Amino acid sequence: MNMSQKNKINDLDPEFGVDSRYNSAKERDSDAVALMEARLERIRNLSRDEIIRARLMQLKLKMEQYLRNPFYDGRNHFSEFLEAYIDTIYPKRSAFARDIDITPVALSQVINNHRDPKDEFMLKLMVHSEKVFQKVCNFQKRIWYEVYFHDKISHTMSRQEEWGPEIEQHVMVSEPFVEYQTRDPRENDSEIE
Amino acid sequence: MKIVETSTGIKHSVEVLPVESEDFRSIKKERYFFNWKEERLFEIRKLCLAGSNDILGLISFEVIPREWRIHIRLLTVSKENMGKDKRYEKIAGNLLAHVARIAVREYGEMACISLKPKTLIASHYMKKYGMRVTGVTLSLEVPEILELIRTYE
């Protein structure tokens, strides 16, 4: 596309697109330095409220990304996200514990994976986060449960070789259904014909 | 994420997905204005109606972790979505918001997306998306970048 074609299209619609590629590494580096200086100044001037909003949005996007990601990496993401959530909003975790009416010890045990969160804890967390995210972005409060169970399922399935042999010794299928499974399904088709 | 059918005002759900190698068979300069094969070394995303393979818009970008920044290289809507007779609105905004989401997810309050338009359209991007100008580069940072994400949720 030559320049006159491009300008003609821009006259029609400024959103047709942008060619924003740098012409050279030198041009790019020079732009990067000027941009970074200006940005650092702006970052220094961000208010605490703006930083909290950005971090909450980041947390939400990370939780959504985690749920889209099928692999298991051995980490407890629920407690990591919970920790990030609390530390974004509160200078002290005990203040969050007070706000949802649990003891700081119980909160610490959940964060450090020493106990599973009770249903009541999850419900309080959902209500709390719904209030907090209200003015930040569209936040689906059930995502806490989704992350928690995603962790559980991934953890359980990744250890299948450990628990599988022992559990299989205690499981049998006694109903005749098991006999049907061994038959070739095509046999049924030919009978119908 | 939604785009708006211009003639009816009806909103349609869209998906933004990575461009795969077989997509290049249908990505022609006549409909998408640039040679997108040149962008293969960078991240490229396509915007389609949910459940459809027809590409309505494309964006390529470079992630620059040391600067907490994502630089947008090319952005376009398909030919029939350009100008006053366009079929759908908000394609470019959704593509920008998608890249903004990646930037905020990775860099939090340091997040930045940037553009360096070679043409006279800079003022449009400043006005419509709240981009700031530094030298010849337009950038979007906190808090405006959060507003863009919210607008196109």
Side-chain angles (χ1 to χ4, degrees), chain A residues 1 3 5-23 27-66 84 88 133 135-140, chain B residues 29 32-34 38-39 57-61 64 67-69 71-77 79 81-84 86 89 91-93 101-102 104-112 114-121 123-125 128 132 134-139 141-143 145-146 149-150 153:
Chain A
M1 189 183 299
M3 192 53 81
Q5 281 175 307
K6 204 181 258 186
N7 287 339
K8 194 177 174 186
I9 290 167
N10 288 336
D11 289 343
L12 291 169
D13 184 353
E15 292 220 327
F16 96 95
V18 184
D19 183 351
S20 177
R21 293 171 290 192
Y22 290 107
N23 294 319
E27 181 191 43
R28 191 186 121 161
D29 291 346
S30 156
D31 270 13
V33 171
L35 180 61
M36 184 55 89
E37 281 175 10
R39 281 177 57 209
L40 286 174
E41 183 60 29
R42 292 197 282 264
I43 288 167
R44 272 193 288 272
N45 289 325
L46 286 177
S47 67
R48 183 170 180 268
D49 183 66
E50 287 169 332
I51 292 170
I52 288 175
R53 283 166 188 268
R55 289 184 184 172
L56 287 171
M57 178 77 85
Q58 180 181 31
L59 176 66
K60 176 211 161 174
L61 294 168
K62 282 190 170 188
M63 290 169 88
E64 289 173 350
Q65 167 79 357
Y66 171 61
T88 295
F133 273 94
K135 289 180 181 171
V136 178
C137 57
N138 181 18
F139 181 80
Q140 303 293 319
Chain B
K29 208 170 174 177
Y32 303 103
F33 305 106
F34 301 112
E38 288 177 0
E39 297 299 289
L58 288 160
I59 192 165
S60 66
F61 55 91
I64 312 172
E67 296 177 35
W68 317 298
R69 170 165 75 112
H71 184 72
I72 292 158
R73 291 172 53 83
L74 290 181
L75 166 67
T76 194
V77 299
K79 193 175 181 182
N81 288 302
M82 186 191 84
K84 60 182 171 53
K86 67 173 83 169
E89 285 175 350
I91 295 172
R101 270 185 217 104
I102 297 172
V104 172
R105 189 184 73 214
E106 296 303 314
Y107 309 125
E109 72 268 27
M110 316 295 270
C112 169
S114 62
L115 273 173
K116 194 181 81 66
K118 292 185 175 71
T119 57
L120 299 172
I121 59 174
S123 60
H124 168 78
Y125 281 85
K128 183 159 184 180
R132 299 167 194 247
T134 305
V136 291
T137 305
L138 298 183
S139 64
E141 299 132 28
V142 174
I145 196 170
L146 304 180
I149 295 172
R150 266 196 300 269
E153 260 178 345

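Excluded from the calculations below are hydrogen atoms, water molecules and symmetry mates; all remaining heavy atoms, backbone and side chain alike, are included. The structure presented is a predicted model; accordingly, all values stated were derived computationally and were not measured.
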Counting only non-hydrogen atoms closer than 4.5 Å, does [X] touch chain B with its backbone (N, CA, C, O), its side chain (CB onward), both, or neither?
X	answer
Leu40(A)	side chain
Arg53(A)	both
Gln65(A)	side chain
Ile43(A)	side chain

On a heavy-atom basis, which atom in [X] and which in [Y] lie closest, and how many Å separate them?
X	Y	answer
Gly108(B)	Ala54(A)	C-CB, 4.2 Å
Ser20(A)	Pro117(B)	OG-N, 4.4 Å
Asp31(A)	Lys116(B)	OD2-CD, 3.3 Å
Ser114(B)	Leu35(A)	CB-CD2, 4.3 Å
Val18(A)	Tyr125(B)	CG2-OH, 3.3 Å

Rounded at 0.5 Å granularity, tell me how far [atom1] in [X] sits from [atom2] in [Y].
X	Y	atom1	atom2	answer
Glu41(A)	Thr134(B)	CD	OG1	11.5 Å
Glu106(B)	Lys62(A)	CD	NZ	6.5 Å
Asn138(A)	Ile149(B)	CG	CD1	12.5 Å

Legend entry - Pair Arg42(A)-Ser139(B), side chain to side chain contact (heavy atoms under 4.5 Å, CB included): steps then yes or no: CA-CA 12 Å; Arg42(A) 292 197 282 264; Ser139(B) 64; 3.4 Å; yes

Inset, instruction - Could you check if a side-chain atom of Arg21(A) sits within less than 4.5 angstrom of a side-chain atom of Glu39(B), using non-hydrogen atoms only? - result: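 Yes - at least one pair of side-chain heavy atoms lies under 4.5 Å apart.
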
Engaged part of [X] at the chain A interface, taking heavy atoms whose separation is under 4.5 Å:
X	answer
Ile72(B)	backbone
Tyr107(B)	backbone
Glu89(B)	neither

Inset, instruction - Applying side chain to side chain donor-acceptor pair (under 3.5 Å), name anything that partners Glu153(B), two or more places apart in sequence or on another chain. - result: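 With neighbours one apart ignored, the set is Lys60(A).
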
Legend entry - For Arg39(A), all residues meeting side chain to side chain donor-acceptor pair (under 3.5 Å), sequence neighbours excluded: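 With sequence neighbours excluded, Arg39(A) shows a side chain to side chain donor-acceptor pair (under 3.5 Å) to no residue whatsoever.
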
Legend entry - Selection from Glu37(A), Glu27(A), Arg55(A) maximising heavy-atom pairs under 4.5 Å formed with chain B: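 Greatest number of close heavy-atom pairs with chain B: Arg55(A).
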
Legend entry - Lys/Arg N to Asp/Glu carboxylate O, Glu64(A) vs Arg105(B), below 4.0 Å: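 Salt bridge: no.
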
